[in-house]
Amino acid sequence: MSIGSSSFHGLPVNKRHQGHKPPAHWPKHLRYLASSVFHTSVSTILRTHIGRTLDANKDFSYENAKHPKVVIRPIATDLHPAKGQFGLFAAQRIPPKTHILDYIGELHCDDRPDSNYDLCLCRLPDGVSVGIDASTMGNEARFVNDYRGIRGKPNAIFLDGRTPAGELRMSVWSSSEDIKKGEEILVSYGKSWWRSRVPENILEA
Ligand SMILES: C[S@@+](CC[C@H](N)C(=O)[O-])C[C@H]1O[C@@H](n2cnc3c(N)ncnc32)[C@H](O)[C@@H]1O
């Protein structure tokens, strides 16, 4: 099942992706990607809709634009519900409504009910949907946790938009308040994501 989303107008990824060097704490068994890759289940028509066949040179400045520094950290706090896993943290103050990074992974149209890293990129009128699965490959965005049990509300959101060259992407943006240096970046995966995984009474808490 996919993590939920809404909409925006796209902007950059950052210099971290240059040279494809994985960031600190990147798990060795996962492939680090600078941009998403297509699974064979995505048709040529859909690839065109997503826009990866458009002029890649136009995205040069987009890919190299400066973005807030973030860091993947292991979570060791007893009270954190994802203790023993990783989270994504602000390595500097992030102003409100700032594009932090894009959610990168494998673009696919097949069902991946067992993936906990599968975000919906788009749904078409004919019912076909494209997901971004970061379970085996992706970037830092795959480490963004859900706010539930960690803070009162999310401090970031998923928004979709197109890069200057026209590529459809899903990105993480800060919400209407600052994210302070050292704070964990937390979104809402949506109730439907949790509903398929945990009892309803925990969701209402
Ligand atoms: C997209 S991954 C987030 C990164 C993950 N923590 C990791 O280290 O790979 C989603 C998984 O993180 C964990 N997670 C995220 N938010 C959580 C929360 N609020 N409470 C408990 N577990 C959470 C769950 O195991 C979930 O399946």
Side-chain angles (χ1 to χ4, degrees), residues 2-42 46-47 49-54 56-73 85-91 94 98-110 112 115-123 129-146 156-174 185-187 189 193:
S2 299
I3 298 168
S5 70
S6 49
S7 346
F8 92 108
H9 288 291
L11 285 173
V13 180
N14 66 53
K15 288 191 169 170
R16 283 190 299 271
H17 296 303
Q18 279 183 340
H20 304 228
K21 191 172 172 270
H25 294 124
W26 185 261
K28 284 196 170 54
H29 66 284
L30 300 176
R31 196 172 145 199
Y32 184 67
L33 296 177
S35 54
S36 291
V37 298
F38 283 115
H39 181 254
T40 50
S41 56
V42 185
L46 271 172
R47 290 176 196 220
H49 172 74
I50 291 162
R52 282 294 296 283
T53 53
L54 297 176
N57 289 331
K58 277 196 193 155
D59 270 355
F60 187 76
S61 57
Y62 176 89
E63 299 290 0
N64 290 294
K66 274 216 164 188
H67 276 265
K69 288 194 181 73
V70 293
V71 61
I72 301 164
R73 278 200 200 137
Q85 301 185 7
F86 292 93
L88 193 68
F89 292 78
I94 303 177
T98 299
H99 177 232
I100 303 173
L101 78 175
D102 294 341
Y103 194 94
I104 299 296
E106 185 179 30
L107 302 175
H108 69 97
C109 290
D110 55 345
R112 307 223 172 153
S115 174
N116 286 329
Y117 297 83
D118 192 15
L119 175 65
C120 180
L121 177 62
C122 60
R123 283 196 182 86
S129 63
V130 181
I132 314 167
D133 185 11
S135 55
T136 60
M137 58 185 92
N139 68 347
E140 294 91 330
R142 75 184 295 287
F143 293 105
V144 173
N145 286 318
D146 181 279
I157 49 171
F158 286 123
L159 291 171
D160 63 331
R162 289 194 182 267
T163 67
E167 183 185 332
L168 185 61
R169 288 200 180 186
M170 187 63 69
S171 308
V172 180
W173 286 65
S174 56
I185 298 166
L186 296 164
V187 296
Y189 293 174
W193 193 88

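Hydrogens, waters and symmetry mates are skipped; everything else that's a heavy atom, side chains included, is used.
To the nearest 0.5 angstrom, Lys69 atom NZ is 11.0 Å from Ile94 atom CD1. In this structure, CG in Asp133 is found 12.5 Å from CG in Leu121, a value given to the nearest 0.5 Å. How far OH of Tyr32 is from CD1 of Ile104: 9.0 Å, rounded to the nearest 0.5 Å. Remark: Trp173 CH2 to Leu159 CG distance equals 7.0 Å, nearest 0.5 Å. Interatomic distance, CD of Glu140 versus CD1 of Ile185, reported as 10.0 Å (0.5 Å rounding). Interatomic distance, Arg142 CZ to Tyr117 OH, rounded to the nearest 0.5 Å: 4.5 Å.
In this structure, the side chain of Ser41 does not engage the main chain of His108 through any donor-acceptor pair within 3.5 Å. Distance alone, capped at 3.5 Å, is enough to place a donor-acceptor pair between the Arg47 side chain and the Val42 backbone. Remark: the backbone N or O of Gly131 is not paired with any side-chain donor or acceptor of Asp118 at under 3.5 angstrom. Checked by atom type and distance alone, the side chain of Arg162 pairs as donor or acceptor with a backbone atom of Ile50 at under 3.5 Å. At distances below 3.5 Å, at least one donor-acceptor pair connects side-chain atoms of Asn145 with backbone N or O atoms of Phe86. Here the side chain of His99 pairs no donor or acceptor atom with the backbone of His67 at under 3.5 angstrom.
Of all non-hydrogen atoms in Pro68 and Thr98, the two that sit nearest each other are CG-CG2, 3.7 Å. Listed here is the closest heavy atom pair of Phe143 and Pro27: CZ-CD, 3.6 Å. Of all non-hydrogen atoms in Leu30 and Ser135, the two that sit nearest each other are CD2-O, 3.3 Å.
The shortest distance between side-chain heavy atoms of Val187 and Tyr189 falls below 4.5 Å. Under the 4.5 Å side-chain criterion, counting only non-hydrogen atoms from C-beta, Cys120 is not in contact with Phe158. Pro23 is listed as a side-chain neighbour of Ile72, based on a closest heavy-atom distance under 4.5 Å. Val37 is listed as a side-chain neighbour of Arg31, based on a closest heavy-atom distance under 4.5 Å.
Exactly one residue among Ser36, Ser171, Ser35 makes a side-chain hydrogen bond (donor to acceptor under 3.5 Å, both in side chains) with Asp102. That residue is Ser171. Here the rule is side-chain contact (heavy atoms from CB on, under 4.5 Å) with Leu88, and of Leu101, Leu186, Ile100 only Leu101 fits it.
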